Amino acid sequence: MSPIKRNINDALMANARARAASSKKPQPSQPSPSKKLKPLENPQIPSSPNPKSNPLVSEPLESKPKASITDVLMKGSKKPSPSPSKKEKKDETPKLKSKGNVDECVGQLKRKESDFDLKAAAWWGEGERVPFRFLARAFDLIDKESGRIVITSILCNVFRTVIATTPEDLISIVYLAANKIAPSHEGIELGIGDASLIKAMSDSYCRQEKSIKNQLKALGDLGLVAKASRSQQMLRKPDELTVVKVLDTFRAIAKESGKDSQDKKRNHIKGLLIAAIDCEPQYLVRLLQVTTTLHFKKIKRVRHLDTQTHMSNTIFKTKLRIGLAEQTLLAALGQAAVYSEKHSTAPSHIQSPLEEAAKIIKEVYSVLPNYEKIITALLNDGVWKLPETCGFTLGVPVGPMLAKPTKGVSEILDKFQGTEFTCEYKYDGERAQIHYMEDGSVEIYSRNAERNTGKFPDVVMSVERFKKPNVKSFVLDCEVVGYDPEKQKILPFQILSTRARKGVIMSDITVKVCIFAFDILYLNGQSLLQEQLIDRREHLYNSFNEVDAEFKFATAIRSNDLEEIQRFLDTAVNSSCEGLIIKTLKKDATYEPSKRSLNWLKLKKDYMDSIGDSLDLVPIAAFHGRGKRAGVFGAFLLACYDENKEEYQSICKIGTGFSDIMLEERSASLRPKVIPKPKPYYQFADTIDPDVWFEPSEVWEVKAADLSISPVHRAAAGIVDQNKGISLRFPRLLRIREDKSPEQATSSDQVADSWDLDVSWKQPRMIKYQWKKPPARHYKINTDGSLANLGGFDAVTRI
DNA sequence: GTCCTGGTTATGC
DNA sequence: TTCAGACGTATTCGG
DNA sequence: CCGAATACGTCTGAAGCATAACCAGGAC
């Protein structure tokens with residue numbers, strides 16, 4: 001069992017015990033018995049006498065090795081009100097096998113694929129759809145496992161069961177297991193975050209939002225909160241929810257937009273939550289948790305007229321967090337296909353069909369990321385034909401090839417010993433994959449396969465200018481970079497990011513861009529994925545013309561000389577690039593979609609030891625961790641020191657670069673430094689709402705890729721700009737500076753100096769673009785100048 | 001109804 | 001984006 | 001030569017800053 005799962009589970013058990021212990025405490029207005037988390041609600045984690053021990057895992061758990069988490073939880077929450085014991089019996093309806101059989105069926109899934117009894121795993125009858133509980137139970141099984149082989153095997157059995165009994169539901173269950181509702185380039189979003197989920201849960205479970213939030217802090221996972229909230233009084237029919245219904249509801253949620261859409265979305269969610277039984281709520285919530293919002297605060301204050309408001313929240317795509325993500329799912333799907341193969345047997349030259357099938361599915365998916373198409377083809381023609389039936393399709397984004405970080409030129413020479421390679425500038429912009437169809441239409445996709453065409457009408461227009469006339473179709477891999485055509489200069493990423501994103505029209509473009517092309521994947525009806533880079537590049541150079549301030553080829557050299565590469569890196573950085581990308585030319589030089597293979601390496605200054613920006617900063621506050629960080633601090637607020645004003649100014653949060661041990665050590669050593677309120681000499685935005693504040697006591701060395709002008713952080717505020725401070729791009733912990741005291745931390749003046757030094761080339765631009773007063777509101781107008789229906793996308797302009 | 005602001009969510013790196 | 005940890009496979013080492 | 005130790009690749013899930021887009025609700 002991995003530590004991550006252990007922590008979560010232990011947290012639950014600890015809660016159950018805490019609940020039992022404090023059950024005498026009356027709950028004033030809240031009917032649910034399951035939130036007496038007082039010991040954990042205290043933001044000051046250090047309630048335990050021994051600062052080293054984590055209160056969430058401090059109790060030994062040998063007492064209940066057998067009992068499932070669910071059991072523990074139910075026992076805990078039942079104590080106060082043992083009334084609803086009817087539930088076990090009422091769970092059954094004549095149609096369904098008994099509860100015991102459900103357990104038995106699910107137990108089957110853990111068997112080796114080889115002696116797995118297909119039908120025995122399914123408890124739903126002929127003609128019935130796959131219950132969502134089947135998937136939720138499988139998730140629960142998987143959650144308890146840590147090995148990928150076992151997890152793959154369980155999921156494989158799930159798919160086999162569905163294929164054998166209810167093949168029409170395979171697509172739905174795969175989508176749910178993948179935590180998706182549609183291919184990403186279709187741009188369908190749930191529009192649901194933690195905040196909306198908490199509201200829906202509050203309604204469904206009759207709990208105060210506040211109490212849910214507190215429990216979330218303690219448990220570090222909204223899914224676990226849902227699990228703990230399940231009220232025993234609610235009578236639910238089992239298996240009312242099918243995978244199809246769940247997926248359909250998700251899609252319905254995504255469809256809602258416009259007036260009252262939030263209400264409608266919430267009602268959909270409530271419908272699901274209320275119908276959910278067993279371990280369904282936990283996974284429903286996790287599936288809906290497409291995004292995670294951290295730490296927001298609701299305090300009003302007067303703002304400077306020219307200061308925009310910003311929330312200090314960070315959002316991440318979440319995963320199921322049970323150790324199952326896309327790669328494992330694809331492997332499982334491939335294996336299941338082999339077992340269920342009716343159409344053909346594996347070609348004889350294949351020794352290990354299971355591995356081979358997994359590989360095929362992964363490859364096919366990277367080239368055609370569409371489960372509908374793949375599964376349909378899979379069921380119709382089988383795995384072995386998949387490469388033919390589901391190949392690369394013009395207009396569908398290919399997973400872009402990624403690069404591996406490297407620490408220095410010597411490491412590169414080491415890895416690419418004896419092979420020919422090339423070094424290219426790594427531009428600081430947005431990855432773009434441009435598809436040009438035979439009919440002259442253009443589509444642009446982002447790194448994450450989002451359809452970005454509407455964001456870059458200027459790029460769409462310039463295609464006809466930069467492609468040679470004989471080119472009929474292509475797929476280009478390139479970087480879109482902010483560009484000043486007058487000065488012929490690259491603009492920093494922060495400026496590029498101010499571009500509008502949807503429904504942009506030419507006349508309204510504020511930030512011009514230039515394309516830097518570095519690869520071509522498809523040309524005149526032919527896929528070039530299998531070609532070596534040296535040949536693809538030839539095609540690239542032959543098929544396009546550089547157009548001033550619109551289209552250029554990425555600067556590249558061919559060299560095996562350490563010194564020369566080192567110098568090239570320097571020129572790249574001086575030319576406003578992040579660093580270099582290094583690629584082999586002839587050997588292993590095919591385009592490997594979305595695979596982080598050895599073939600491409602990236603080299604940035606800040607990856608290298610003893611070079612790049614590093615600052616010594618003071619942790620002044622912290623946030624409770626989530627998921628595998630539950631029980632320790634997950635992130636800290638750092639500050640630099642202003643000697644003149646004698647104050648600490650926030651500069652960034654930090655949550656990466658810690659080993660598990662270090663994180664625990666830091667949490668332990670800072671707990672005694674917790675203070676009830678921030679010091680008066682702490683400068684920070686009121687949108688930052690940490691869980692605990694600290695006495696200034698430690699100094700940490702932190703590395704960053706870049707400095708940025710910040711709307712939230714206060715470092716060097718007033719020096720570089722009147723109202724804005726400075727923050728760090730990609731901050732990560734290097735080490736603890738035991739030798740320094742907080743007053744010896746990096747000073748605000750030093751931060752300001754680094755800004756001048758580091759971005760002298762971009763500073764004038766920054767002022768021109770960044771601080772131009774942005775009229776906050778946009779209105780949609782039709783091309784004839786009249787106001788458009790607010791729901792439309794025809795045109796956007798500025799008043 | 002329009003305008004504005006604050007709160008939330010979705011993306012990029 | 002960065003980073004660390006766990007798992008699995010490939011390779012090397014030592015008896 | 002084989003099992004143990006080590007090295008390396010893959011996969012997962014913690015976490016950062018900054019922006020635009022969108023929605024709800026209050027002021028007018």
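Everything numeric here is computed off the predicted structure, so don't read it as measured data. We name chains A, B, ... by the order of the sequence lines, and we start the count at 1 in each one.
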>> Could you walk me through whether A/Phe633 and A/Val692 satisfy the side-chain contact (heavy atoms from CB on, under 4.5 Å) test, starting with their C-alpha distance in whole Å, then the side-chain angles of each, then the deciding distance to 0.1 Å, before giving a yes or no?
In response: CA-CA 9 Å; A/Phe633 296 126; A/Val692 296; 3.7 Å; yes

> Where do A/Lys213 and A/Ile198 land on the side-chain contact (heavy atoms from CB on, under 4.5 Å) test, with the steps shown first?
Replying inline: CA-CA 8 Å; A/Lys213 283 181 187 168; A/Ile198 288 172; 4.0 Å; yes

> Going through the distances and angles, do A/Glu578 and A/Tyr427 end up as a side-chain contact (heavy atoms from CB on, under 4.5 Å)?
Replying inline: CA-CA 6 Å; A/Glu578 289 185 287; A/Tyr427 295 89; over 6 Å; no

> Do A/Ile620 and A/Leu638 pass the side-chain contact (heavy atoms from CB on, under 4.5 Å) test, and can you show the C-alpha distance, the side-chain angles, and the key distance before you say yes or no?
Replying inline: CA-CA 6 Å; A/Ile620 58 170; A/Leu638 296 179; over 6 Å; no

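For the pair A/Ser659 and C/dA4, the criterion of a side-chain N or O lying under 4.0 Å from OP1 or OP2 is not met. Not one side-chain nitrogen or oxygen of A/Arg431 sits closer than 4.0 Å to the OP1 or OP2 atom of B/dG12. A/Lys628 has no side-chain polar atom (N or O) that falls below the 4.0 Å cut-off from OP1 or OP2 of D/dA14. Between A/Lys602 and C/dT2 there is a side-chain N or O to OP1 or OP2 distance below 4.0 Å. Within the structure, every side-chain polar atom (N or O) of A/Lys502 is placed at least 4.0 Å from both OP1 and OP2 of B/dT9. Note on A/Asn448: a side-chain N or O is less than 4.0 Å away from OP1 or OP2 of B/dG12. Side-chain N/O atoms of A/Arg447 include one lying less than 4.0 angstrom from OP1 or OP2 on C/dT1.
Relative to the side chain of A/Thr328, the nucleotides D/dC11, D/dA15, B/dC13 differ in distance, and D/dC11 lies closest. For A/Pro711, whose side chain is taken as the heavy atoms from C-beta onward, the closest listed nucleotide among C/dT1, D/dG13, D/dT19 is D/dT19. Out of B/dC13, D/dT19, B/dG12, the shortest distance to the side chain of A/Ser497 is found at D/dT19. Distances were taken from every side-chain heavy atom of A/Leu190 (C-beta onward) to each of B/dA10, D/dC17, B/dT11; the shortest belongs to B/dA10. For A/Ser708, the listed nucleotide lying nearest its side chain is D/dA18; candidates were D/dA18, C/dA4, D/dA20. Side-chain atoms of A/Ala500 lie closest to D/dA20 of the nucleotides D/dA14, D/dA20, B/dC13. Of the candidate nucleotides D/dG13, B/dT8, B/dC13, D/dG13 has the atom nearest to the side chain of A/Lys319. Taking only side-chain atoms of A/Thr498, from C-beta outward, the nucleotide of D/dC11, D/dA20, C/dT1 with the closest atom is D/dA20. Of the candidates B/dT8, D/dT12, D/dA15, B/dT8 carries the atom nearest the A/Ser196 side chain, counting heavy atoms from C-beta on. Of the candidate nucleotides C/dG5, D/dA18, C/dT1, C/dG5 has the atom nearest to the side chain of A/Asp660.
A donor and an acceptor atom, one from each side chain of A/Glu209 and A/Ser202, are nowhere located under 3.5 Å apart. In summary, the side chains of A/Asp194 and A/Gln289 do present a donor paired with an acceptor at a separation below 3.5 Å, with no hydrogens or angles considered. Counting only N and O atoms by type, the side chains of A/Ser708 and A/Gln494 include no donor and acceptor under 3.5 Å apart.
Rounded to whole angstrom, the span from the CG atom of A/Asn452 across to the C1' atom of D/dA21 amounts to 14 Å. To the nearest angstrom, P of B/dT8 lies 11 Å from CG of A/Asp194. A/Arg735 places its CZ atom 15 Å from the P atom of C/dA4, with the value rounded to the nearest Å. Separating the CG atom of A/Asp428 from the P atom of D/dA18 is a distance of 14 Å, rounded to the nearest angstrom. The NZ atom of A/Lys362 sits 10 Å away from the P atom of D/dT10 (whole-angstrom rounding). Following rounding to the nearest Å, A/Arg629 (CZ) and C/dT2 (C1') show an atom-to-atom distance of 11 Å. Nucleotide D/dG9 holds its P atom 17 Å from the NZ atom of A/Lys359, rounded to whole Å. Rounded to an integer number of Å, the gap from NZ of A/Lys199 to P of B/dT9 is 8 Å.
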Give every pair of a protein N or O atom and an N or O atom of nucleotides 8-10 of chain C that lie under 3.5 Å apart, one pair per line with the distance.
unit_1	atom_1	unit_2	atom_2	d
C/dG8	OP1	A/Arg148	N	3.0
C/dG8	OP1	A/Ile149	N	3.2

Dump the pairs, protein N or O against N or O of nucleotides 24-28 of chain D, anything under 3.5 Å, distances to one decimal.
unit_1	atom_1	unit_2	atom_2	d
D/dA24	OP1	A/Ser261	N	3.1
D/dA24	OP1	A/Gln262	N	2.8
D/dA24	OP2	A/Gly258	O	3.4
D/dA24	OP2	A/Asp260	N	3.1

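The 5' end of DNA chain B is approached more closely, in terms of each residue's nearest nucleotide, by A/Arg501 than by the other of A/Gly429 and A/Arg501. Map A/Glu326 and A/Cys652 each onto its nearest nucleotide of DNA chain D; the residue landing nearer the 5' end is A/Glu326. Along DNA chain D, the nucleotide closest to A/Ile654 and the one closest to A/Ser257 are compared, and the more 5′ of them pairs with A/Ile654.
At least one donor-acceptor pair closer than 3.5 Å links the side chain of A/Glu411 to the backbone N or O of A/Lys407. Checking side-chain atoms of A/Thr152 against main-chain N and O of A/Arg148 turns up a donor-acceptor pair under 3.5 Å.
With sequence neighbours left out, the salt bridge (Lys or Arg N to Asp or Glu O under 4.0 Å) criterion links A/Glu479 to no other residue.
A salt bridge does not link A/Asp508 to A/Arg499: none of the charged side-chain nitrogens sits closer than 4.0 Å to a carboxylate oxygen.
Counting distance only, with no hydrogens placed and no angle test, the side-chain atoms of A/Thr656 and the base atoms of C/dT2 include a donor-acceptor pair under 3.5 Å.
Residue contacts shown for A/Lys604 are limited to sugar-phosphate atoms, with no base heavy atom under 4.0 Å away. Across all strands, A/Leu324 comes closer than 4.0 Å only to sugar-phosphate atoms, never to a base (heavy-atom distances).
Using a 30° and 60° split on the angle between ring planes, A/Phe636 and A/Trp700 fall in the perpendicular class, above 60°.
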